[in-house]
Trainee: 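My structure is below; once you've seen it, I'll send some questions.
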Amino acid sequence: MNLSQWVYLEDISEHVGEDVEIRGWMFNKRSSGKIHFLQLRDGTGFIQAIVEKSSTDEEVFKTADSLRMESSVVVEGRVREDKRSPYGYELDVKNIEVIQIPSEDYPISKKEHGIDFLMTNRHLWLRSKRQFHILRIRDEVIRATREFYHSKKFVLVDTPIFTGAIGESAGETFSVKYFDLGKAYLAQTGQLYLEAAIMALGKVFNLGPTFRAEKSKTRRHLTEFWMNEAEMAYYTSDDNMTFQEELISYIVKRVLEKASEHLEAIGRDVKPLEKVKAPFPRISYDEAVKLLQKKGFDMKWGDDIGGDEETGISVEFDRPVMVYNYPGNIKAFYMQPDPNNPKVVLCNDMIAPEGYGEIIGASQRIHDPDLLIEKIKEFNLPVESYDWYVDLRRYGTVPHSGFGMGIERLVAWICKLDHIREAIPFARTIYRIHP
RNA sequence: UCCACCAUAGCUCAAUCGGUAGAGCAUCCGGCUGUUAACCGGAGGGUUGUAGGUUCGAGUCCUACUGGUGGAGCCA
């Protein structure tokens with residue numbers, strides 16, 4: 001073959017003046033008859049490769065001429081800095097080894113496409129530049145999330161995907177046949193299992209897929225989404241909120257440090273992100289209702305805060321907002337009532353700026369076994385299924401708190417995406433499971 | 001589950017009051033030695049989502065269905 005070293009485009013700046021080999025794909029070509037401009041991609045970056053008729057082997061020039069969109073190629077050439085290139089560097093081609101020239105037209109064209117077409121071709125759409133950058137940002141968000149927990153001495157506890165009839169509420173789960181044991185349900189949350197784990201490990205987190213069978217069709221919903229949940233023994237609701245704002249601040253800071261080129265590439269204005277530093281504003285549900293009424297929203301105390309209301313609140317602030325202590329009857333059964341006001345429970349939602357809505361749902365959990373059983377009954381849930389969950393309160397119960405953070409909602413906000421489906425490689429929505 | 005909108009060339013979209021189906025991109029042929037979603041010239045490409053209906057005449061109006069999109073509710 002040849003003596004050139006295989007290098008990745010993300011490292012190309014270290015190889016100026018050298019002969020190197022790039023293994024990748026040609027995603028576009030511009031030609032002027034006696035000069036070809038090959039736009040190459042290798043999964044780590046982009047480069048423009050130059051093939052001149054006067055200075056290149058005739059066979060190589062012909063090969064370059066024959067390449068079509070998405071041809072896979074190993075290209076050998078010399079690296080040169082050049083401001084005329086869209087990527088700052090160019091490759092003067094010496095040889096091209098064709099792996100495959102597609103025999104059919106590549107479906108994704110350079111012009112715009114509709115969302116139906118793009119989702120049907122999601123397996124190919126992933127190759128587009130914008131998707132490349134978004135997926136790299138998602139990678140950084142998840143990396144930062146894990147880093148933060150480990151820096152705070154949390155232990156990763158992977159919670160089960162198959163669960164019995166137990167969760168936040170029944171009726172919105174996917175079910176599958178499970179041997180002779182009847183139905184199993186796909187996890188809507190790992191929270192209850194994390195509550196078990198904190199009694200062994202103190203502070204724990206998970207990060208994995210979650211499933212919701214609600215027939216939601218909005219830009220904020222997926223049927224399968226990735227959630228990070230955390231649970232902390234002896235944390236009050238206040239401790240919980242302080243922890244959440246540190247987590248979000250850390251993730252945003254980390255993405256700005258490590259993935260700013262990707263944010264820039266997708267046109268994300270980073271100024272709003274630079275303001276995301278703890279502490280975040282906190283307003284009680286009572287205050288939120290008054291604020292919304294003053295702004296002309298038709299709502300009264302006891303109503304839930306919907307999407308429009310969330311935006312109405314978030315536009316008042318330049319950072320994520322935490323709304324705390326909602327009425328108990330619009331929240332889950334396991335939330336600890338406020339000792340100072342039994343009508344509300346100790347909980348909080350975190351609302352992202354710029355209209356992105358709820359990214360965290362959090363609460364302090366009931367730790368008294370009798371009160372928990374009372375609430376399970378009050379919410380008409382099957383007490384038998386929650387036997388082990390109540391058990392946690394029978395043996396050395398402690399006050400504790402936790403939350404769930406939607407990874408795709410976080411990514412969508414950080415990238416300022418129009419729709420959450422671009423924040424995950426293969427979105428699952430109610431009318432789409434292919435590819 | 002409910003409400004609204006959309007469906008015309010491979011893709012993105014036009015088509016006036018109901019009167020012979022059109023463009024850009026992609027593809028193929030030709031031209032061009034610095035292109036930047038390259039450009040210039042030429043060519044091919046259509047059962048207008050499906051089934052009915054109204055009409056002299058339907059891409060256009062009506063009904064049903066299918067597929068999709070956005071939103072409500074619900075939530076992360």
Side-chain angles (χ1 to χ4, degrees), chain A residues 27-39 46 48-56 61 68-70 80 82-88 90 92 102-121 124-125 128-130 167-169 171-173 188-191 207-229 244 303-310 330-332 349-352 356-362 403-413 418-421 423-424 429-432 434:
Chain A
F27 65 89
N28 195 10
K29 178 172 70 178
R30 290 183 279 268
S31 174
S32 298
K34 296 198 173 86
I35 181 168
H36 296 302
F37 301 92
L38 311 180
Q39 313 297 316
F46 308 90
Q48 172 161 281
I50 310 298
V51 192
E52 281 182 325
K53 191 163 194 174
S54 58
S55 61
T56 315
F61 189 81
R68 308 178 69 186
M69 296 270 282
E70 290 302 313
R80 178 167 45 75
D82 198 312
K83 288 199 179 101
R84 291 172 298 180
S85 162
Y87 313 106
E90 290 192 338
D92 286 322
S103 55
E104 290 178 51
D105 298 348
Y106 185 62
I108 312 277
S109 78
K110 289 177 279 185
K111 295 278 180 173
E112 70 279 5
H113 292 285
I115 194 61
D116 183 22
F117 178 82
L118 288 172
M119 286 305 287
T120 301
N121 290 285
L124 303 176
W125 185 25
S128 301
K129 262 189 214 155
R130 181 177 167 80
E168 294 189 34
S169 56
E172 297 152 350
T173 49
Q188 296 180 299
T189 169
Q191 177 200 318
L207 208 171
T210 330
F211 308 89
R212 301 278 167 95
E214 290 121 354
K215 291 193 171 177
S216 301
K217 288 164 56 73
T218 81
R219 70 186 70 210
R220 299 184 308 280
H221 290 88
L222 296 168
T223 56
E224 176 183 305
F225 68 96
W226 282 60
M227 183 157 65
N228 156 237
E229 295 174 285
Q244 292 160 43
D303 292 345
D304 203 358
I305 293 177
D308 290 348
E309 289 81 15
E310 283 176 352
I330 56 170
K331 286 289 178 181
D349 285 352
M350 187 187 291
I351 302 169
Y356 279 87
E358 185 182 345
I359 51 173
I360 285 179
F403 61 88
M405 174 176 83
I407 296 293
E408 288 79 16
R409 285 191 182 176
L410 186 59
V411 172
W413 161 50
D418 291 336
H419 198 295
I420 196 172
R421 68 186 147 219
I424 187 167
T429 57
I430 81 172
Y431 292 126
R432 221 175 254 289
H434 179 90

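It should be emphasised that the depicted structure is a prediction, and the values quoted were computed from it without experimental measurement. A note on names: the letters A, B, ... follow the listed sequences, proteins ahead of strands, and every chain is numbered from 1.
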Trainee: For the atom pair CD1 (A:Ile360) and CE (A:Met405), what is the distance rounded to the nearest 0.5 Å?
Mentor: 6.0 Å
Trainee: From NZ of A:Lys53 over to P of B:U35, roughly how many Å is that when rounded to an integer?
Mentor: 19 Å
Trainee: Look at all strands and tell whether A:Glu408 reaches a base, only sugar-phosphate, or nothing, counting heavy atoms closer than 4.0 Å.
Mentor: nothing
Trainee: Looking only at side-chain atoms of A:Arg432, point me to the closest of B:A37, B:U69, B:G34.
Mentor: B:U69
Trainee: Give the intermediate values and the outcome of side-chain contact (heavy atoms from CB on, under 4.5 Å) for residues A:Thr120 and A:Arg432.
Mentor: CA-CA 9 Å; A:Thr120 301; A:Arg432 221 175 254 289; 3.3 Å; yes
Trainee: For B:A43 versus B:C5, give the span between their P atoms, rounded off to a whole number of Å.
Mentor: 41 Å
Trainee: Give me the distance, rounded to whole Å, that separates B:A15 from B:A58 when you measure between the C1' atoms they each carry.
Mentor: 13 Å
Trainee: Quick check on RNA chain B: between A:Ile35 and A:Arg68, whose nearest nucleotide comes earlier from the 5' end?
Mentor: A:Arg68
Trainee: For A:Tyr106 and B:C25, what is the distance between atoms OH and P respectively, to the nearest whole Å?
Mentor: 20 Å
Trainee: Would you classify A:His221 as touching base, sugar-phosphate or nothing, given that sugar-phosphate means primed atoms plus P, OP1 and OP2, and contacts are heavy atoms under 4.0 Å?
Mentor: base
Trainee: As an exercise, state the distance from OH of A:Tyr431 to NZ of A:Lys217, rounded to the nearest 0.5 Å.
Mentor: 5.5 Å
Trainee: Across all strands, who's sitting opposite B:A64 as a Watson-Crick or G-U wobble pair, both distances under 3.5 Å?
Mentor: B:U50
Trainee: How far, in whole Å, is B:C17 from B:G52 if one measures between their P atoms?
Mentor: 29 Å
Trainee: Could you measure between the two P atoms, the one in B:U16 and the one in B:U54, and give it in whole Å?
Mentor: 24 Å
Trainee: Is A:Phe37 stacked on the base of B:G34, meaning ring centres closer than 5.5 Å and planes within 30 degrees of each other?
Mentor: no
Trainee: Please give, in whole Å, the distance from B:G67 C1' to A:Ile430 CD1?
Mentor: 13 Å
Trainee: If you only use heavy atoms from C-beta on, which nucleotide in B:U27, B:U35, B:U1 is closest to the side chain of A:Lys215?
Mentor: B:U1
Trainee: Can you tell me how far P of B:G71 sits from NE2 of A:His419, to the nearest Å?
Mentor: 6 Å
Trainee: Does a distance-only test, which skips hydrogens and angles, find a donor-acceptor pair under 3.5 Å between the side chain of A:Ser54 and the base of B:U33?
Mentor: yes
Trainee: Looking at B:A4, which nucleotide sits across from it as a Watson-Crick or G-U wobble partner, both distances under 3.5 angstrom, or is there none?
Mentor: B:U69
Trainee: Of the nucleotides B:G73, B:C75, B:A76, which has the atom closest to the A:Leu222 side chain?
Mentor: B:A76
Trainee: Would you state whether a donor and an acceptor, one from the side chain of A:His113 and one from the base of B:C11, lie under 3.5 Å apart?
Mentor: no
Trainee: Quick one: A:Phe27 CZ to B:A37 P, roughly how many Å, whole number?
Mentor: 11 Å
Trainee: Roughly how far, to the nearest 0.5 Å, is the OG1 atom of A:Thr218 from the NE2 atom of A:His419?
Mentor: 6.5 Å
Trainee: Whether the side chain of A:Ser216 and the base of B:C75 hold a donor-acceptor pair under 3.5 Å is what I'd like checked.
Mentor: no
Trainee: Ignoring the backbone of A:Phe117, work out which of B:C75, B:G70, B:C11 is nearest its side chain.
Mentor: B:C11
Trainee: Of the nucleotides B:A76, B:A37, B:G70, which has the atom closest to the A:Asn28 side chain?
Mentor: B:A37
Trainee: Consider the side chain of A:Glu112, meaning its heavy atoms from C-beta on, and name the nucleotide among B:A37, B:G71, B:C32 that approaches it most closely.
Mentor: B:A37
Trainee: Can you see if the side chain of A:Arg212 gets near the phosphate of B:G73 - specifically, an N or O under 4.0 Å from OP1 or OP2?
Mentor: no
Trainee: Could you check how far CG of A:Leu118 sits from C1' of B:C11, rounded to whole Å?
Mentor: 10 Å
Trainee: Within the modelled atom types, does a donor on one side and an acceptor on the other bring the side chain of A:Arg409 and the base of B:C75 under 3.5 Å apart?
Mentor: yes
Trainee: Determine the Euclidean distance between corresponding C1' atoms of B:G45 and B:A21; express it in Å to zero decimal places.
Mentor: 13 Å
Trainee: Identify the nucleotide, in any strand shown, that forms a Watson-Crick or G-U wobble pair with B:C39, with both distances under 3.5 Å; if there is none, say none.
Mentor: B:G31
Trainee: For A:Arg220, which contact category applies under a 4.0 Å heavy-atom criterion: base, sugar-phosphate, or nothing?
Mentor: base
Trainee: Would you tell me if any nitrogen or oxygen in the side chain of A:Lys110 comes within less than 4.0 Å of OP1 or OP2 on B:A37?
Mentor: no
Trainee: To the nearest 0.5 Å, how far apart are CG in A:Leu222 and CZ in A:Phe211?
Mentor: 11.5 Å
Trainee: Roughly how far, to the nearest 0.5 Å, is the CD1 atom of A:Ile359 from the CD atom of A:Glu408?
Mentor: 12.5 Å
Trainee: Report which part of the nucleic acid A:Glu52 touches: base, sugar-phosphate, or nothing (heavy-atom distance under 4.0 Å, all strands).
Mentor: base
Trainee: Taking the side chain of A:Lys217 as its heavy atoms from C-beta onward, which of B:U33, B:U12, B:G70 lies nearest to it?
Mentor: B:G70
Trainee: How is A:Phe225 classified with respect to the nucleic acid when contacts are heavy atoms under 4.0 Å: base, sugar-phosphate, or nothing?
Mentor: base
Trainee: Just jot down the side chain to side chain contact (heavy atoms under 4.5 Å, CB included) partners of A:Asn121, sequence neighbours excluded, or say none.
Mentor: A:Pro107, A:Ile108, A:Phe117, A:His123, A:Leu124
Trainee: Ignoring the backbone of A:Asp116, work out which of B:U35, B:G68, B:U12 is nearest its side chain.
Mentor: B:G68
Trainee: Heavy atoms under 4.0 Å, any strand shown: does A:Asp349 hit a base, just sugar-phosphate, or nothing?
Mentor: nothing
Trainee: Give, for atom OG of A:Ser31 and atom NZ of A:Lys53, the distance between the pair rounded to the nearest 0.5 Å.
Mentor: 10.0 Å
Trainee: How many whole angstroms separate atom NZ of A:Lys331 from atom P of B:C75?
Mentor: 7 Å
Trainee: How many Å lie between CZ on A:Phe46 and C1' on B:A37, as a whole number?
Mentor: 14 Å
Trainee: Looking only at the side chain of A:Asp304 (C-beta and beyond, no hydrogens), which of the listed nucleotides B:C25, B:C75, B:U35 gets closest?
Mentor: B:C75
